[in-house]
Every structure is written in C-alpha cells, then in structure tokens.
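A quick write-up on the structure given underneath.
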Amino acid sequence: MATQQATTQRGYAELVEITDKTFRVSSRVYREQEVFEREIAEIFEKTWVYVGHDSEIAQPGDYKTAQIGRYPIILTRDKDGAVYALLNVCRHRANAICRENYGNSQNFRCPYHAWTYRNSGELIGVPDGGRYPEGFSTRGLSLIRVAKVDSYRGLIFASLSADVPELDEHLSPVKEHVDLWADRSIGGEHKVLHPHRYAYLGNWKFQCENGVDGYHPGIVHESAFSTFGEFGIGNFAARDLVKRGSISRGFPGGHSTLEGGARDGRGVGRGLPHRAEEYQARLREVYGDDRAQEIVSNRHTFIFPNVFLFDELVRIIQPIALEYTEVYSHPFWLHGVPDDFNTRRLYEGTRQLSTTGMVNPSDLEMFAANQTGLHARMEWLVLDRGMQREEVAPNGERMGNYSDEVPQRSLYRHWAQVMARTEAGR
Amino acid sequence: MVSTARITRQEAEDFLYEEARLLDERDFFPWLDLFTEDAIYWIPIEEHSDPTRATSILWDDAQLRALRVHQLAHERNFAQSPPSRTVHSVTNVQVSPGDADNEAKVRCNLVVYEVRSGDHRQLGLGDLRALPAKCLYVLRYEERWRIAHKKVVLINRHMPLINLSFLI
Ligand code: FES
Ligand SMILES: [Fe+2]
C-alpha cells in the first residue's frame, strides 16, 4: 500500500488512514463487535495461524488441543510420525471429542455415542452400526482435516482455508528472524514446555502491538526496571554485543520485530550458575562471531496474526471476545546447552513474563485501561511515530528506531488488506 | 536443637494467621523475614513437576521475593495501582513431622479473596475474585519458626489467570 497519498477506501480499509505524514487507526477496530466477527472470519479462520510446536507432540500418538478462531482442533501425530490438524468435532452430531489439553492416544472416542476415530481422523467404530440405513458408510465421515497444516523450524501453522499462499511464502519476509530464534538451540530443536496461561480484559490486537512496542517499556515497566537496577541486575546491559543498536522493523504480511541488546543474565538467581558466557562461546564456535551476536540479541518477532517468538518464550494470542483475550506463553528448553543454563532461562522468563511476572501484568493493565478509554469512541488513534524517518527497503521491509511505531504500522497495513479483500471482490 | 520440631496445630495456625495478616495489611518486609534464606516459594502448574524443568506460575528464591516486595512498594507499579486488597483465609490446618529434626510439615487450605478498588467502572477494577488453593509448608526452627518451603497449589492453576501481581 503506497504511503504517498491518502489511501482511504470504502469499508474496512477506511479504518486505517494513511497519508505521507500521518498514520491513524480508527477506534472502531478495537470496539466494534462487527469488526471482531470479521477478524475471526477473515483473519483467524481464513489465513495461516500458529497452532503449536513439534516438540509438544513429539512422540507417535501425542496430541494437543487448540483453537483456530472459534474452531476447536486437535493436533496429532500418528504412528508414522505424520502431523494432522483435525477439527475436534464428531461427525455424528458435532460433539467435541477430546477434552484434554495434552495427551497420548491412537484413537479418539466421542463421549456422546462412542463413534471412534483414529488419530489421523478415520472413523473406525460406530456402535450398533447395523441400525443405520443401507448405504451408510463410515468412509466420508472422517474427522475433518484443517485445510492446510505445515511447519517451519518446529513451528506448526494451520489454515482453515486452502486458498492461502504456501507457508514458506507467508513466512518469507520474517524467515531470517525465525531462523535466528531457532538457532538459539545448537544441533537440534527447542523443546516447548507447558504454557503460562493468562487473560486480559481487552482486544487481542493490544497484545500484538505491545510485544513489539519499544516506546512503552521504560514507562510501563519503570517499577520493574528500577527494582532490577537497585538489585544490580542487568537487563539489556550487553548492548555492545549488537552491531546495529536497538531497532524496530515492519514487514509485508503484518510481521514485525523489536531488536535490542543481549541479556547478560548478570545478578539474576543467586542460586543458579551463570552460564551465559559459556553459551555465547559455544554459539560463536558453531555459527561464527557475527551470527552468534545476532542470535543472542534480544529479539521479539511477531508473526501475524497470533504468535510472538521471544528469547525465553513462545507467546500465542487467542482472541475470545471483543474485550477478552487469552494468552498462552510457552517457555522453551534449548537443545545442546547445559541444563542449568536452561533452568536459568526458565527462571528469568518466569520472573519477567509469566502470569506473576514483574513485567507482564503491567502490560495487561494497560490493555484493560486502553479498552476502557475506547468506550469514549474517540475517533482516531495515532500511530505515526518515526514515520518520516523510517527506512523502506525495495522488498517492503521497513526499519526505524526502537521506539518508533514501525511494527504497529506494518500490522495495520496488512490488517486493512485482509479485512477489505472480500469487499474488493477477491 | 532439642526436639523443637514438634509444632502443635495451634502453633502452626498462629504462624499461618500471622503470615495472612502481614499479607492482608500489606506489611511485606516483615513477611520476607518469615522465610529462611534458602527458602523457595513455589506456585506450580503441574503439582508434582520439577520447577527447575517445568513451567511454574511462580517460583521464587530469596532474591526474587525481595524484588517483588520492592516492586510492590514502588509508586509506579501499574498492575498494582490501585493496589489489590486481599483476604487470606486459612483453614483445615494439619501438622506432621518434617524430614529434618528441626523441621515440620504443615498443610492447609487457603482462599485468597482479592479486589482492586479505584474507579470500579473501569475494566479490570472492582472484580472480586477468589483463588482457592491447597498449601504445603515446610517450617524450620531457626530461633523461631520460619518458612523453609511454601507451595501453593491453586485449583484453577491450568486456567488463564488475570493479574496475579499481588502476593498469594
Ligand atoms: S455426537 Fe459423537 S457419537 Fe454422537
Ligand atoms: Fe511491556
């Protein structure tokens, strides 16, 4: 979308107003039920969304339940290791079949009338099947497979619509950053742990904006950072490790990053051994100095519309209602590094970003306050910070300083396209 | 230490009531002193997991407990502004011998009621919440009884929880 002239179109695209100097988002995007319903239908139920990590269903028979938009799904691994995303909906009378978060099973038995399915979806048992009329066949009654499921570097994505670009293309603008995140493990994949689950009273997009918002931390998290300071705990002390300094980026497709200095882990967790230097030395050995520096840099990578890759966590955003959002933050264990280094990362992630974290709850408080303010129906929200100084690459990648609203603009440029596309007769 | 480890139920109750009072009156620095230097305060997600390897809602050593209390005292702690009011209600106290000579185990039920005041019409404020839990303490006698381990097993620990920035 060109930024040269005002690009106001009719309908949903009109909710994002872009000129060469201004970028405004209508408050309607956060406060109208109709907009929320369309987001669920057009974004969550028609494009790629993150559903889980390979390591959550590592063994044959493992499964995990999840939700795409409002569709309950089961992510399974069959006996041959193939991954399926199945609607968690019985083909008899639409009962939800599996009611656990995680488990291991070759079959799923519907609790209502005991129709039974293999973990790849085939209907293999119908009690008292002889009562069905002639011609009744279990063949067309497999659990419905989500149209697309694919993974990259252990991250599993699915789309309820087949009419989407390949996952590779969807991720291509931000792939380099996904690789940097995945390369934190040495010689293997991350192992994703059970999530911190929390919720907030606000629209889902607040969390998408906030995780790559470099303008707020010094303010919203002042009480955390000044406390860390008093105790001599370095937060992003090792800024010298990062060549470029602290920046934000926005990509076509709504993805973005916020990149800062590396954490040195100083002072944290007196009982836990300090292995950061050893880890960084190992990374340099494996990847070389330059790439090792990039890998250990603090990096928040947002993949539109529902997942963040953080240094210590994978964070999934699940819209539930217009003003109510759930977040599932999975710590992960690095492969190929000492256990106590991982324990330290777990401790640090819990200290800052868990349900009880010293950093995270203040963000959630801002989201509730933001939603409260929007009840006033003030027309426009202002997102043009750093707009005139952002660098635009030929491939559409944009870069600004840490506190610029580059990521948020990239989110809403793409949001407007997706929301408006059927209006435009796509 | 001469068989000091025998704690009566009434002594255990007095100890837990005092902890509850300190938390409810937001008297956090004396609360820190209830713990031994090596104490861990743990709120697990999986009750029988190993907190060095599994996700926990909270997993605090002495340093992190102190950090939290300092943050709670900070004027710009937005998750606690306005602050939580709490009632810690302790019941079903049972005592048993500890693993060491100077230790005792105490088990109790806990319900923490919490509300944040302020402009109650705003989202997130004014909602009265109840957090029921089973608690397991290891108390150690070091001149007086102290908490050597505190584990709080919330019954809704697998659910999405909202703003746990106060002390349970
Ligand atoms: S609804 Fe599943 S067997 Fe009847
Ligand atoms: Fe934040």
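Each chain gets a letter, A, B and so on, in the order the sequences are listed, and its residues count up from 1.
- With a threshold of 4.5 angstrom between heavy atoms, B:A66 approaches chain A through its backbone and through its side chain.
- At a 4.5 Å heavy-atom cutoff, the contact between A:D339 and chain B is made by side-chain atoms alone.
- Two rings, from A:Y30 and A:W204, have their centers 6.0 Å or more apart.
- Most heavy-atom pairs under 4.5 Å with chain B, from the set A:W333, A:Y200, A:F367: that is A:W333.
- B:E46 touches chain A through its side chain: at least one heavy atom from C-beta onward sits under 4.5 Å away, while N, CA, C and O do not.
- A ring-centre distance under 6.0 Å is found for A:W181 and A:F332.
- Residue contact with chain B, scored on non-hydrogen atoms closer than 4.5 Å, is absent for A:H221.
- Using the six-membered ring where Trp is involved, A:F225 and A:F228 have ring planes that are tilted, between 30° and 60° apart.
- Side chains of A:R315 and A:N360: a donor-acceptor N/O pair is present below 3.5 angstrom, by distance only.
- Within the 4.5 angstrom heavy-atom criterion, no atom of B:D119 approaches chain A.
- Aromatic rings from A:H196 and A:H330 are positioned such that their centres are separated by 6.0 Å or more.
- Ranked by heavy-atom pairs shorter than 4.5 Å toward chain A, the options B:L64, B:L125, B:N163 are led by B:L64.
- In terms of non-hydrogen atom pairs under 4.5 Å with chain A, the most contact-rich of B:L67, B:N77, B:L72 is B:L67.
- For the pair B:K150 and B:Y41, the cation-pi criterion (under 6.0 Å, within 45° of the ring axis) is fulfilled.
- For the residue pair A:E323 / A:H375, a side-chain donor-acceptor distance below 3.5 Å is found, with atom types taken as modelled.
- Here A:T350 is the residue among A:D363, A:T350, A:N101 with the most heavy-atom pairs under 4.5 Å with chain B.
- With a 4.5 Å cut-off on non-hydrogen atoms, A:L193 touches chain B through its backbone and its side chain both.
- Between the side chains of B:T86 and B:E114, no donor-acceptor pair is found at a separation under 3.5 Å.
- The most heavy-atom pairs under 4.5 Å with chain A, out of B:Q122, B:R157, B:R53, B:H158, come from B:R53.
- With ring centers used as reference points, A:Y102 lies under 6.0 Å from A:H194.
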Please test B:Y17 against B:E19 for side-chain hydrogen bond (donor to acceptor under 3.5 Å, both in side chains), starting from the C-alpha separation and ending with a verdict. CA-CA 5 Å; B:Y17 294 167; B:E19 186 196 9; over 6 Å; no
Please step through side-chain hydrogen bond (donor to acceptor under 3.5 Å, both in side chains) for the pair B:S84 and B:Q80, ending with a clear verdict. CA-CA 6 Å; B:S84 295; B:Q80 277 295 299; 2.9 Å; yes
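- Residue contact with chain B, scored on non-hydrogen atoms closer than 4.5 Å, involves the side chain of A:E326 exclusively.
- Across B:S81, B:G124, B:S56, the residue that shares the most heavy-atom pairs under 4.5 angstrom with chain A is B:S56.
- Heavy-atom distances place no part of A:S329 under 4.5 Å from chain B, backbone and side chain included.
- Relative ring orientation between B:H70 and A:F231 is described as perpendicular, the plane-to-plane angle rising above 60° on a 0-90° scale split at 30° and 60°.
- Side-chain contact of A:S354 with A:T356: a donor-acceptor pair under 3.5 Å is present, judged by distance alone.
- For residues 49-57 of chain A, a heavy-atom distance under 4.5 Å to chain B picks out no residue at all.
- Looking only at heavy-atom pairs under 4.5 Å with chain B, the residue among A:M366, A:Q371, A:M358 that has the most is A:M358.
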